[in-house]
Amino acid sequence: MKTIATSSVKLAASFIRKGDIAAFPTETVYGLGADAFNARAAQKIFKAKNRPPDNPLIVHIHSKSQLHDVACAIPPKAQTLVEAFFPGPLTLVLKKSKKIPPIVTAGLPTVCVRMPSLPLARRFLRACGMPVAAPSANLSGRPSPTTWQHVLNDLGGRIPVILKGQSTQHGLESTIVDCTANPPVLLRPGAIGREELEAVIGKIAVRKRGSKAVSPGLGYRHYSPNAKVIIVNNARGLPRTRGNWAFIGFSSVRGAKLSRKVASPKEYARVLYSFFRQADQAGIKTIYAEMPQKKGIGLALADRISRASSPRKSA
Ligand code: TXA
Ligand code: MG
């Protein structure tokens with residue numbers, strides 16, 4: 001299959017409208033979309049990504065009025081989150097509407113829904129004319145793509161079209177909050193911090209590591225480069241000698257084949273996945289990553305770094 005990379009919203013959306021798939025940018029990471037009401041179209045996403053069928057997708061909308069086509073019984077706290085954070089990098093778990101086929105939610109009675117804030121994503125979703133189911137546009141198990149070239153590297157030849165945009169603003173996936181529970185549960189930290197959420201709806205529970213996988217995809221080793229990732233708390237944990245290793249973090253280091261010094265957790269989040277991919281391309285064996293403080297986006301960053309460093313499981 002030939003993969004077209006285009007700047008035309010109309011062209012990219014035409015693929016979704018005819019029941020095919022298309023990659024598109026958002027403010028978090030690039031997504032691989034399909035008509036959320038069309039089971040056969042959604043099936044193509046799983047095939048292209050090599051995604052396990054028990055890992056459900058996020059449904060993207062361009063207007064709050066579409067919320068009721070995707071979800072039903074929206075609790076007051078969910079409504080408050082919608083008013084405060086839509087559009088933006090927040091995904092809510094809600095009771096699903098009958099219009100969403102089971103393949104999208106991997107058979108769950110709930111659905112993930114999010115309204116991206118990136119203007120190009122909104123224009124694309126509007127042109128599609130229906131809610132669009134989309135996980136990140138990477139091969140399953142790889143770091144999420146933050147540029148259209150990352151999408152091409154992973155999915156070139158496997159998908160028909162990529163809508164080209166800028167490299168993404170946040171660099172990490174959206175915050176996922178399960179609103180079917182009270183208090184709501186933070187399933188995946190993201191660009192919107194726990195503190196920000198609690199400021200509008202009060203207490204939020206946090207899913208414990210190792211607890212039953214409420215968000216099925218989170219059970220997989222994720223966001224990972226081929227290189228081994230080792231967490232360090234400062235530059236003292238690094239090799240003393242020059243070698244085939246890389247470093248990313250707040251410190252200045254010597255001897256690394258590849259290193260990236262970041263000035264803030266925000267910058268760290270923005271460049272992390274791209275750094276992972278760069279390290280893989282350079283054939284690096286070990287990546288040392290400095291842990292940020294677990295507040296604001298630092299919580300999401302720490303989560304992704306820990307996952308990338310955890311022992312290999314299935315895809
Ligand atoms: O920022 C993002 O969230 C990006 C952009 C494209 O929107 N999307 C994304 O999707 O990263 P991804 O690849 O993480 O896949 C969706 C995640 C999975 O971890 C899945 O387990 C979870 O959402 N999920 C989907 N439906 C769910 C549900 N009903 N209940 C709990 N978790 C769900
Ligand atoms: Mg993903």
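Numbering of ligands and ligand atoms starts at 1, following listing order. Index from 1, following the sequence. Quick note: numbers below take in every heavy atom, side chains included, and nothing from hydrogens, waters or symmetry partners.
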Asks: Examine Thr110 against ligand 1 and note whether any of their N/O atoms are separated by less than 3.5 Å.
Replies: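 Between Thr110 and ligand 1, an N or O pair is found under 3.5 Å apart.
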Asks: Can a non-hydrogen atom of Lys96 be found less than 4.0 Å from any atom of ligand 1?
Replies: no
Asks: Roughly how far, to the nearest 0.5 Å, is CG of Asp35 from CD1 of Ile21?
Replies: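 If I round to the nearest 0.5 Å, the distance is 13.0 Å.
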Asks: Please indicate whether any nitrogen or oxygen in Ser174 is less than 3.5 Å from any nitrogen or oxygen in ligand 1.
Replies: yes
Asks: Write out all pairs satisfying salt bridge (Lys or Arg N to Asp or Glu O under 4.0 Å) with one or both partners inside residues 154-163, taking only residues at least two apart or from two chains.
Replies: Arg142-Asp154, Asp154-Arg277
Asks: Any N or O on Ser144 sitting closer than 3.5 Å to an N or O of ligand 1?
Replies: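 No, Ser144 has no N/O under 3.5 Å of an N/O on ligand 1.
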Asks: Using a strict cut-off of 4.0 Å, indicate which atoms of ligand 1 neighbour a heavy atom of Asn55.
Replies: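 Listed by number with element: 18 (C), 20 (C), 21 (O).
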Asks: Output the list of atoms in ligand 1 that are nearer than 4.0 Å to some heavy atom of Thr28, sorted by atom number.
Replies: 1 (O), 2 (C), 4 (C), 5 (C)
Asks: Give the atom numbers and elements of ligand 1 that come within less than 4.0 Å of a heavy atom of His60.
Replies: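 In order of numbering, the contacting atoms are 5 (C), 6 (C), 7 (O).
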Asks: Do any nitrogen or oxygen atoms of Tyr30 come within less than 3.5 Å of a nitrogen or oxygen of ligand 1?
Replies: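 Checking ligand 1 against Tyr30, no N or O pair falls under 3.5 Å apart.
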Asks: Select the closest option to atom 17 (C) of ligand 1 among Val113, Ile176, Ile100, Val132, judged by heavy-atom distance.
Replies: Ile176
Asks: Can you check side chain to side chain contact (heavy atoms under 4.5 Å, CB included) on Tyr30 and Thr146, steps first, answer last?
Replies: CA-CA 6 Å; Tyr30 276 69; Thr146 58; 5.8 Å; no
Asks: Should you measure from each heavy atom of Leu108, which atoms of ligand 1 turn up under 4.0 Å away?
Replies: 28 (C), 29 (N), 30 (N)
Asks: At a 4.0 Å threshold, what atoms of ligand 1 neighbour a non-hydrogen atom of Gly31?
Replies: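 The list of qualifying atoms is 6 (C).
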Asks: Give the single entry among Pro145, Pro25, Cys112, Ala23 that approaches atom 24 (N) of ligand 1 most closely by any heavy atom.
Replies: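 It is Cys112 whose heavy atom sits nearest to atom 24 (N) of ligand 1.
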Asks: Is the shortest distance from a heavy atom of Lys95 to ligand 1 less than 4.0 Å?
Replies: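 No, Lys95 has no heavy atoms under 4.0 Å from ligand 1.
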Asks: Do any N/O atoms on Arg188 end up under 3.5 angstrom from N/O atoms on ligand 1?
Replies: yes
Asks: Hey, mind stepping through Lys10 and Arg123 against side chain to side chain contact (heavy atoms under 4.5 Å, CB included) and telling me if it holds?
Replies: CA-CA 9 Å; Lys10 209 172 150 194; Arg123 270 191 275 135; over 6 Å; no
Asks: Look at ligand 1 and say whether Thr105 reaches it with a heavy atom at a distance under 4.0 Å.
Replies: no
Asks: Is there any N or O on Thr91 that sits under 3.5 Å from an N or O of ligand 1?
Replies: no
Asks: Show which atoms of ligand 1 fall inside a sub-4.0 Å distance from at least one heavy-atom site of Val29.
Replies: 4 (C), 6 (C)
